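Just so it is clear, the model here is predicted, and its values are computed rather than measured.
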Amino acid sequence: GISYGARAPSQVLRACQGSQSWGQITNDWTMGLNVHVKTLILGGTKEGRDLAELLAENGHEVTTSLAGRVRRPAHIAGEVRVGGFGGANGLAVWLVDNGIDRLVDATHPFAERISTNAVAACRSTGTPLLRISRPSWASHPLAGTWTWVDSHDEASREAAGYEKVLLTVGKQSLDHYRNLPDVAARMVELPEEPLPGSWRPLLERGPFTVDSEKELLRDLGVDVLVTKDSGGSLTEAKLTAAGDLGVQVIMVRRAPVPKDVPQVATPREALAWVNEVPAWQAPGRARGMY
Ligand code: NAP
């Protein structure tokens, strides 16, 4: 193997890239660092955007895939593609056609269909898959005081026992709550279907502070906060605020991630995975030989 320091000088990097006829990944066998990897990120989250930037900064080739739900998505480093792949098979074909070495599923913990498709597509093509998942709120100090439910329908039934509801479940899940009359619904963008006339939409994107969340809960006279276990710190302040004010919380649980999919909590750990999983261990490398 070629030997150089932990940060490869760019001329070494270029020489390596030019000399590899067997694929995109250049693996430094001495350090165990891959210096050029073609990664697809399934994005639509802050973690996905941050990872795209880290990968681009570290000389990797990166494409981020967005579903196309948000009309004006934030800027993302590297290439961006928008729209569904056409199920797990469509994603598998896309991975092979575009010579993808690694797939990082950085989608929201509640984007369950695309995550299931990612597992199937990576199995069928032998592409290494990593999940970035914001740490669950199950270990939040107040978690034991909340009502945990398995679905939005169950959350909606529970919430029917309260008067004033604050919903922070995302615009795509609002349909499950249409039976509730007195609702303030916070979301980034309005859904396509009009909301019930008695509802009050609050169009805002986090992060929020504990003080502003308390003010909101008080001003609206909220009895119950219905939310889902998105996890992480960006939208966590509402939980502290609700706890301080004695507002009940109904929390929708996440679906579990399959046990054989490696999982990390942060974009930095995902960069390390892209850098460190040795090329020779990656089944995706053998694709052409099957
Ligand atoms: P979903 O229910 O799991 O996915 C439904 C379908 O949308 C998938 O089968 C796939 O279509 C397409 N899709 C989803 N994410 C995609 C992506 N990143 N790139 C290309 N196609 C994608 O997903 P969702 O809950 O609608 O979420 C859609 C996007 O919004 C994701 O990128 C997610 O990270 C983001 N987001 C979701 C939430 C949430 O609460 N669900 C919150 C914040 C952000 P095909 O089968 O045709 O490939």
Side-chain angles (χ1 to χ4, degrees), residues 42-48 66-74 82-84 106-117 133-134 136-138 140 143 146-208 212-232 234-239 241-242 245 247-255:
L42 300 172
T45 56
K46 177 149 191 337
E47 288 82 352
L66 302 176
R69 306 269 190 272
V70 176
R71 285 179 276 274
R72 272 174 297 154
V82 181
T107 58
H108 190 276
F110 281 82
E112 289 165 10
R113 197 135 39 104
I114 187 74
S115 293
T116 306
N117 291 350
S133 211
R134 294 176 198 169
S136 159
W137 287 327
H140 189 281
W146 307 330
T147 304
W148 287 84
V149 295
D150 286 326
S151 68
H152 287 289
D153 286 329
E154 203 183 331
S156 177
R157 283 195 295 275
E158 282 288 332
Y162 296 83
E163 253 175 58
K164 181 81 189 186
V165 179
L166 175 60
L167 262 188
T168 64
V169 292
K171 68 172 181 179
Q172 293 187 79
S173 309
L174 296 177
D175 279 349
H176 301 270
Y177 299 90
R178 285 178 180 271
N179 59 311
L180 302 174
D182 197 356
V183 169
R186 184 164 70 191
M187 62 203 117
V188 174
E189 284 181 354
L190 283 173
E192 298 200 343
E193 284 288 299
L195 298 174
S198 61
W199 284 23
R200 176 167 168 185
L202 307 168
L203 299 183
E204 279 181 289
R205 195 196 290 263
F208 306 99
S212 71
E213 296 291 58
K214 275 190 188 168
E215 203 177 312
L216 180 74
L217 292 171
R218 266 201 217 103
D219 287 355
L220 295 170
V222 170
D223 299 305
V224 67
L225 165 66
V226 180
T227 189
K228 59 184 183 185
D229 182 13
S230 299
L234 277 180
T235 57
E236 190 196 317
K238 62 191 169 193
L239 304 171
L245 298 178
V247 169
Q248 250 321 303
V249 173
I250 297 172
M251 183 70 71
V252 181
R253 268 193 202 94
R254 294 178 178 186

If you compare all heavy atoms of [X] against all heavy atoms of [Y], which two are closest, and at what distance to 0.1 Å?
X      : Y      : value
Trp137 : Lys228 : CZ3-O, 3.3 Å
Ala159 : Val226 : CB-CG2, 3.8 Å
Pro181 : Ser198 : O-OG, 2.7 Å
Ser230 : Pro109 : O-CG, 3.5 Å
Thr107 : Gly43  : CG2-O, 3.5 Å
Val252 : Ala155 : CG2-CB, 3.8 Å

For the residue pair [X] and [Y], establish whether any side-chain heavy-atom pair is separated by less than 4.5 Å.
X      : Y      : result
Leu166 : Leu202 : yes
Asn179 : Ser156 : yes
Leu174 : Val169 : yes
Val183 : Tyr177 : no
Val247 : Tyr162 : no
Glu193 : Arg178 : yes
Arg134 : Glu236 : no

Spacing of [atom1] belonging to [X] relative to [atom2] belonging to [Y], to within rounding of 0.5 Å:
X      : Y      : atom1 : atom2 : result
Leu42  : Ser115 : CG    : OG    : 7.5 Å
Lys164 : Leu217 : NZ    : CG    : 11.5 Å
Leu195 : Lys171 : CG    : NZ    : 11.0 Å
Arg157 : Ser151 : CZ    : OG    : 6.0 Å
Lys214 : Asp219 : NZ    : CG    : 13.5 Å
Arg186 : Thr168 : CZ    : OG1   : 6.0 Å

Chi angles and distances behind the side chain to side chain contact (heavy atoms under 4.5 Å, CB included) call for Met187, Leu203 | CA-CA 5 Å; Met187 62 203 117; Leu203 299 183; 3.7 Å; yes

Intermediate values then yes/no, side chain to side chain contact (heavy atoms under 4.5 Å, CB included), Trp146 and Leu225: CA-CA 10 Å; Trp146 307 330; Leu225 165 66; over 6 Å; no

Closer than 3.5 angstrom, by distance alone: can the side chain of Trp148 be matched with the main-chain N or O of Ala143 as a donor-acceptor pair? yes

message = Under 4.0 Å between a side-chain nitrogen and a carboxylate oxygen: does that hold for Arg253 and Glu154?
response = no

Of Arg205, Arg71, Arg69, the one forming a salt bridge (Lys or Arg N to Asp or Glu O under 4.0 Å) with Glu189 is Arg71

Angle class for the Phe110/His152 ring planes (parallel below 30°, perpendicular above 60°, tilted otherwise)? tilted

- [ ] I would like to know whether Met251 and Leu239 meet side chain to side chain contact (heavy atoms under 4.5 Å, CB included); could you show each step before the answer?
- [x] CA-CA 10 Å; Met251 183 70 71; Leu239 304 171; 3.8 Å; yes

Are Leu216 and Phe208 close enough, and set up right, to give a side chain to side chain contact (heavy atoms under 4.5 Å, CB included), and what steps lead you there?
CA-CA 11 Å; Leu216 180 74; Phe208 306 99; over 6 Å; no

